[in-house]
Amino acid sequence: MQVLKFGGTSVGSSKNINKVISILESYSKKDRVACVVSAVGGITDKLLLAGEQAKQKDQTFKDTFTTILNIHLDIINDLNPKNSQVLLDYLDDKSTALKQLLEGIYLINELSPKTSDKLVSFGEKISSFIISETMKNRGLSVARKNTQELIITNSNYTKAEVDYQRTNANIQAYFKSTEEQITVLPGFISKSVQGEETTLGRGGSDFTAAIIAAALQVDQLDIWTDVSGMFTTNPKLVKQAYPIKTISYQEAMELSHFGAKVLYPPTVQPVLDLNIPIHIKNTNAPEDTGTIISNEETRTSNPVTGISNIGNIALLTLQGSGMVGIPGFSKRLFETLAQEKINVILITQASSEHSICLGIDAGDAERAKMAVDLIFENEIALHKIDPIIVETGLSIIALVGDNMKNHQGISGKMFSTLGKNNINIRAIAQGASEKNISAVIADKDVKKALNTLHEQFFEAKTKQLNVFITGVGNVGERLVEQIKQQRTYLKENLKINLRIIGLSNSRTMCFDEEGIDLKDWKTILANGPKASLDGFLQQVIDLNLRNSIFVDVTANEEVARLYPNYLRESIGVVACNKIACSSAMDTYALLKRLSLKYNAPFLFETNVGAGLPVIDTLNNLVASGDKITSIQAVLSGSLNFVFNHFNDTTRFYDVVKQAQAEGYTEPDPRIDLSGVDVARKILILARESGMDMNLEDIENNSFLSESGLHSDTVADFFQTLIEDEDHYQRLYAAAKAKHCRLKYVAQFHNAKASVGLQEIPEGHPFYNLEGKDNIVMFYTHRYPEQPMIIKGAGAGADVTASGLFADIIRLGNN
Ligand code: ADP
Ligand code: ASP
Ligand code: MG
């Protein structure tokens with residue numbers, strides 16, 4: 001005999017029922033089959049909804065009833081067996097009874113657990129009838145047996161306990177008395193010793209099949225569902241989850257207890273002692289291997305077998321100084337909950353016994369609070385303990401593995417991984433057997449937690465980076481293109497899975513949780529909703545993805561103002577925008593502090609020298625114990641371009657215009673020409689060298705004419721360049737007379753910094769600095785005479801984009 005169970009989705013449509021029939025047909029050729037079926041997918045929920053509506057005197061129960069009826073009618077019509085009238089008659093019969101029951105509930109305004117069981121039993125009765133009759137019609141040797149005549153329980157409605165003695169005898173006697181190759185049985189439903197209809201609990205069809213498998217002592221129990229086995233974690237929440245090939249009964253039980261819905265937790269019980277393996281298979285992909293749950297020792301190098309999650313949890317905390325050292329508190333607490341039939345899912349108690357913390361189903365929380373506060377009424381009145389505290393909106397996530405006990409540091413890894421992703425842990429429990437480490441976290445963090453833990457314990461090799469870019473103008477666009485081009489390389493060589501999740505320019509923004517399709521990003525962005533800085537921030541927070549990185553490719557002050565909000569959510573910040581690092585020292589220090597506190601890197605390499613590794617080098621010098629004594633640098637690609645092209649045959653105005661047209665200047669060229677941009681850069685280098693300094697502390701010797709310095713608009717400014725051409729020619733002539741070239745130099749020395757135009761003589765490292773190049777010379781304790789020099793293109797969209805890219809990757813390796 002073989003026992004197969006098909007779940008709700010497996011029998012959820014005529015197409016799937018046909019798949020089930022062909023699987024049964026092929027199995028029945030080998031041996032007789034007992035086939036347990038669930039209700040058509042979603043029907044149990046709808047029956048309960050109709051009951052609830054009727055109880056609330058809500059007439060819409062009639063609509064729900066019609067929906068239920070139509071779902072079944074559609075399936076019968078689609079299957080279209082020759083004996084369809086038999087099916088329609090049966091459905092008519094059952095739906096009349098169902099309608100009467102709902103009307104009864106409506107009239108008396110009440111839905112007891114007993115009535116609820118009667119109500120939901122329609123689902124499995126109808127599905128099993130449809131399937132068995134359709135198979136009969138196709139010439140198969142089929143019988144149908146109502147499990148209510150076989151499985152006998154107590155009267156604990158909605159989750160009855162099985163009387164195995166009676167049940168086993170019934171099942172054995174029945175199968176001895178029949179000869180059909182296939183017997184179809186409704187799952188989930190049963191009857192009490194007194195003959196009342198009962199059920200085995202939601203998801204209980206798995207259990208029905210296990211009871212039958214154990215009674216008949218078969219070789220294997222097959223659970224057919226809509227996924228290819230028990231997965232490493234919930235496949236609906238983690239795309240990378242994969243089926244576990246073999247797993248022990250204990251592990252399967254732990255995983256299902258903590259939410260792996262694919263197996264109803266009590267299912268393991270009946271088959272465990274008899275050592276009957278459970279095989280989980282996919283009705284939609286019968287050729288897939290699936291999962292085998294058994295006692296076989298399975299040795300894999302990974303101590304963690306799976307991760308599960310269970311939602312709708314309430315945390316109860318009982319605390320108070322009166323609890324310390326006085327025995328009996330816990331006993332009274334647990335007795336009270338047991339009397340209320342409240343299942344305790346997780347317990348933690350500090351050794352001080354000052355408080356005890358319990359995780360229960362949120363649906364039971366109100367009842368639990370009333371009962372517990374009542375039992376401790378006296379102690380509460382005497383202020384020995386506080387009224388019980390109830391928190392909701394929580395979930396439990398659990399790491400499961402028989403082998404975890406033999407490995408050190410798993411819980412450390414689990415909690416540090418969660419911590420790094422800013423997931424707050426409300427309570428922790430770890431059994432002494434160490435098969436399970438569980439943590440209570442907020443519902444909103446579950447998806448992120450499962451994904452990040454799965455990556456840590458099952459994918460370890462690749463790290464997913466989720467990037468959000470604001471400002472896709474010139475540089476931003478290059479960055480997106482570079483990412484698009486390098487994605488495969490990063491995955492294969494650096495094991496980094498880089499995805500752009502959000503994009504924004506000043507007009508629109510767009511998001512895709514699965515990663516924006518970079519082939520088409522411009523159109524997607526153009527068609528996105530109106531851009532807003534706060535909206536963008538909120539979306540990044542709401543998506544709550546692990547390893548999130550915010551990239552600021554604007555020169556916008558408002559964007560920079562939001563960095564603390566990102567960092568506080570443990571979202572890394574990569575900035576091309578110099579405003580934050582060069583604003584008040586307090587702001588800079590705050591960002592550094594937040595970055596440390598929330599473990600969210602804050603990187604801004606492109607603030608100085610575009611793509612040149614200036615800040616990274618400086619950081620490495622400082623981190624390795626070196627001390628910066630002075631810095632000399634040409635830090636403005638645009639000013640270098642301007643003074644390399646300006647001479648007695650060109651006009652200053654034309655050269656500046658050209659620099660602007662070629663994209664070497666800031667959008668407002670005054671920021672470059674006034675020296676402010678260079679001052680900001682040397683300020684950042686001074687700060688990164690350990691100085692407490694502000695922009696006002698930097699001496700700025702401007703070379704602009706008076707009117708140029710005080711112009712109100714960009715247009716006015718350009719006008720002064722034309723008018724004051726003589727002023728600029730004089731600067732050039734003076735330098736030329738001394739055989740010098742003009743360079744705009746930034747200096748840091750003796751805790752002071754300055755910026756200004758200098759006449760550089762031949763032979764000086766700055767003399768031959770070409771085009772838009774930058775050069776930085778670091779004099780340090782270890783480089784006292786010959787400085788460390790970094791030189792190269794210091795402006796341009798491509799190099800700046802690659803500097804940003806380098807920061808993103810640096811962050812990925814963090
Ligand atoms: P059935 O109707 O066949 O009984 P269920 O819906 O009860 O199916 O269980 C299968 C579902 O369990 C899957 O579709 C999946 O969404 C969910 N699930 C949760 N955790 C896991 C897991 N670890 N492995 C497989 N499936 C899981
Ligand atoms: N139909 C029942 C439910 O939805 C039992 C089952 O599908 O296992 O809970
Ligand atoms: Mg199920």
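Counting starts at 1 for both ligands and their atoms, following the listed order. The analysis underlying the following values was restricted to heavy atoms, covering all of them including side chains, and did not include hydrogens, waters or symmetry mates.
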TODO: Distance to 0.1 Å, residue and atom name: give those for the protein heavy atom nearest to atom 6 (C) of ligand 2.
DONE: S205 OG, 3.4 Å
Open item on the list: Among all protein heavy atoms in this structure, tell me which lies nearest to atom 9 (O) of ligand 2, with the distance rounded to 0.1 Å.
Closed with: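 Of the protein heavy atoms, R202 NE, 2.6 Å lies nearest.
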Open item on the list: Quick check on the 6.0 Å ring-centre criterion: do F61 and Y106 meet it?
Closed with: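 They qualify: ring centres under 6.0 Å apart.
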Open item on the list: As a check for students: among G203, G42, S38, identify the option with a heavy atom nearest to atom 7 (O) of ligand 2.
Closed with: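 Comparing heavy atoms across G203, G42, S38, the nearest one to atom 7 (O) of ligand 2 lies in S38.
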TODO: For the residue pair W224 and F6, categorise the inter-ring angle as parallel (less than 30°), tilted (30 to 60°) or perpendicular (more than 60°).
DONE: parallel
Task: ring pair (Phe, Tyr, Trp, His ring centres under 6.0 Å) partners of residues 33-53, not counting sequence neighbours, each pair once - done: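 Output for this query is empty, none listed.
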Open item on the list: Contact between ligand 2 and G8 is defined here as a heavy atom of the residue under 4.0 Å from a ligand atom; is it met?
Closed with: no
Below 3.5 Å only, please: the N or O atoms of ligand 1 paired with protein N or O atoms, distance on each line.
unit_1   : atom_1 : unit_2 : atom_2 : d
ligand 1 : 2 (O)  : G8     : N      : 3.0
ligand 1 : 3 (O)  : T225   : OG1    : 2.7
ligand 1 : 4 (O)  : K5     : NZ     : 3.1
ligand 1 : 6 (O)  : K261   : NZ     : 2.8
ligand 1 : 8 (O)  : T225   : OG1    : 3.2
ligand 1 : 12 (O) : V262   : N      : 3.4
ligand 1 : 14 (O) : D226   : OD1    : 2.9
ligand 1 : 14 (O) : D226   : OD2    : 3.2
ligand 1 : 14 (O) : K236   : NZ     : 3.4
ligand 1 : 16 (O) : K236   : NZ     : 2.9
ligand 1 : 23 (N) : F231   : O      : 3.2
ligand 1 : 24 (N) : F231   : N      : 2.8

Open item on the list: Using a 4.0 Å cutoff against the non-hydrogen atoms of T44, which atoms of ligand 2 qualify?
Closed with: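 It comes down to these atoms of ligand 2: 1 (N), 2 (C), 3 (C), 4 (O).
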Task: Non-neighbouring partners of S155 that pass side-chain hydrogen bond (donor to acceptor under 3.5 Å, both in side chains), sequence neighbours left out - done: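 Result, side-chain hydrogen bond (donor to acceptor under 3.5 Å, both in side chains) vs S155: Q194.
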Task: Residue pairs passing the salt bridge (Lys or Arg N to Asp or Glu O under 4.0 Å) test where at least one lies in residues 224-242, sequence neighbours excluded - done: K239-E514
Task: Side chain to side chain, P286 and K281, heavy atoms closer than 4.5 Å - done: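 No; the side chains remain at least 4.5 Å from each other.
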Open item on the list: Both conditions, 6.0 Å and 45 degrees, for the charged tip of K62 above the ring of F65: are they met here?
Closed with: no
TODO: Give a yes or no on whether D219 atom CG has more than 12 heavy-atom contacts from other residues, nucleotides or ligands under 6.0 Å away.
DONE: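 No, CG of D219 has 12 or fewer neighbouring heavy atoms, counting only those of other groups under 6.0 Å.
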